[in-house]
Colleague: 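Submitted below is the structure of interest, expressed as structure tokens.
This one's a predicted model, so the numbers in the text were calculated from it and none came from an experiment.
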Amino acid sequence: MSSRPLADTAADILDRVRERAPRVHCITNTAAQVLTANMLLAIGAVPSLTISADEVAAFVSGADAVLVNLGTLDAARRQAALIALDEADENRTPWVLDPVFCDRSAARAAFARDLAAREPELVRANRAEVAALTGQDIEDVESAAFDRFALDNLTVLAMTGPTDIVTDGTKRLAIANGHPLMARATAIGCAGTALIAACLAVEDDPFVAAGVGLLALGIAGEVAAAGARGPGTFVPRLIDAVYLLDRHTLTTRARTAGPLDVKP
């Protein structure tokens, strides 16, 4: 993590996304596709979404980052994910795993663990999904096993909730921004993972990219909620808020702690 406060670092990284317009290839679920594409466009990135086995490798070969989201995990998406990750490995393209609902199915949890073992730069999950991935009780997911999972899989683990926690196994970062309306509309977490992937496309340190992506989403959620009447008006306001995020908004609203060294 830079010695600069996270909000200032976030403003710099969002500037880089807007300048470079990186392309993020997203293998994502059917409920999340439209919002994911719109959020990426709003932040200044370019989405691509094909899951065709005949096309995925070609799309990933020219992408700046890859997102693999396990929602609506049908056979075509399983195949596409494996093809995409082979291509990402070949080209050393950074990628993010979003193990949606891996806590609901043993088969999905096993697939998620297999993908995590391929050492994604980032894993973004909620508390229940982290418990399923790490094999811990949900009450214990912030124990040493949380940090051990990151070390064992050479990844950064970002656990989202009322307070988001990011660890690379040696240090942790906490982000307390966000709004309850973010949990009342579908696919906002999935689209948030895509924002993280866009940051990872222009930032070499995945710990920083995770913190910046989550901070941007949380603050945009607060801004959107201030003028929303409910979930229906919240979503379009969220896209606008991501589009309009600036340094002043980030620095005046950020509520973060860390990074703090992990205690052995």
Colleague: May I have all residue pairs that pass ring pair (Phe, Tyr, Trp, His ring centres under 6.0 Å) and include part of residues 66-98, sequence neighbours excluded?
Modeller: none
Colleague: Asn29: what forms a side chain to side chain donor-acceptor pair (under 3.5 Å) with it, not counting sequence neighbours?
Modeller: Asn69
Colleague: Can you name the residues that form a salt bridge (charged side-chain N to carboxylate O under 4.0 Å, His left out) with Arg16, not counting sequence neighbours?
Modeller: Glu203
Colleague: So, Asn153 side chain and Thr155 main chain: donor-acceptor pair closer than 3.5 Å or not?
Modeller: no
Colleague: Just grab all the salt bridge (charged side-chain N to carboxylate O under 4.0 Å, His left out) pairs involving residues 89-101, residues at least two apart or on different chains.
Modeller: Asp89-Arg118, Asp98-Arg124
Colleague: Among residues at least two apart in sequence or on other chains, which ones pass side chain to side chain donor-acceptor pair (under 3.5 Å) with Arg127?
Modeller: Glu142
Colleague: If you look only at pairs with a residue in residues 96-119, which of them pass as a ring pair (Phe, Tyr, Trp, His ring centres under 6.0 Å), with sequence neighbours excluded?
Modeller: none
Colleague: Does the pair Asp64/Arg20 count as a salt bridge with the N-to-O cut at 4.0 Å?
Modeller: no
Colleague: What residues, two or more places apart in sequence or in another chain, satisfy side chain to side chain donor-acceptor pair (under 3.5 Å) together with Arg108?
Modeller: none
Colleague: With sequence neighbours excluded, give me every side chain to side chain donor-acceptor pair (under 3.5 Å) pair touching residues 172-181.
Modeller: Asp147-Arg172, Asn177-Glu222
Colleague: Sequence neighbours excluded, which residues qualify as side chain to side chain donor-acceptor pair (under 3.5 Å) partners of Asn91?
Modeller: Glu87
Colleague: Apply ring-ring contact (aromatic ring centres under 6.0 Å, His included) to Phe59 and list each qualifying residue two or more places apart in sequence or on a separate chain.
Modeller: His25
Colleague: Hey, could you give me each pair passing ring pair (Phe, Tyr, Trp, His ring centres under 6.0 Å) that has a residue in residues 221-240? Not counting sequence neighbours.
Modeller: none
Colleague: Apart from Leu40 itself, which Ile, Leu, Val, Met, Phe, Trp or Tyr residues share its cluster (side-chain heavy atoms under 4.5 Å, direct or through members)?
Modeller: Val24
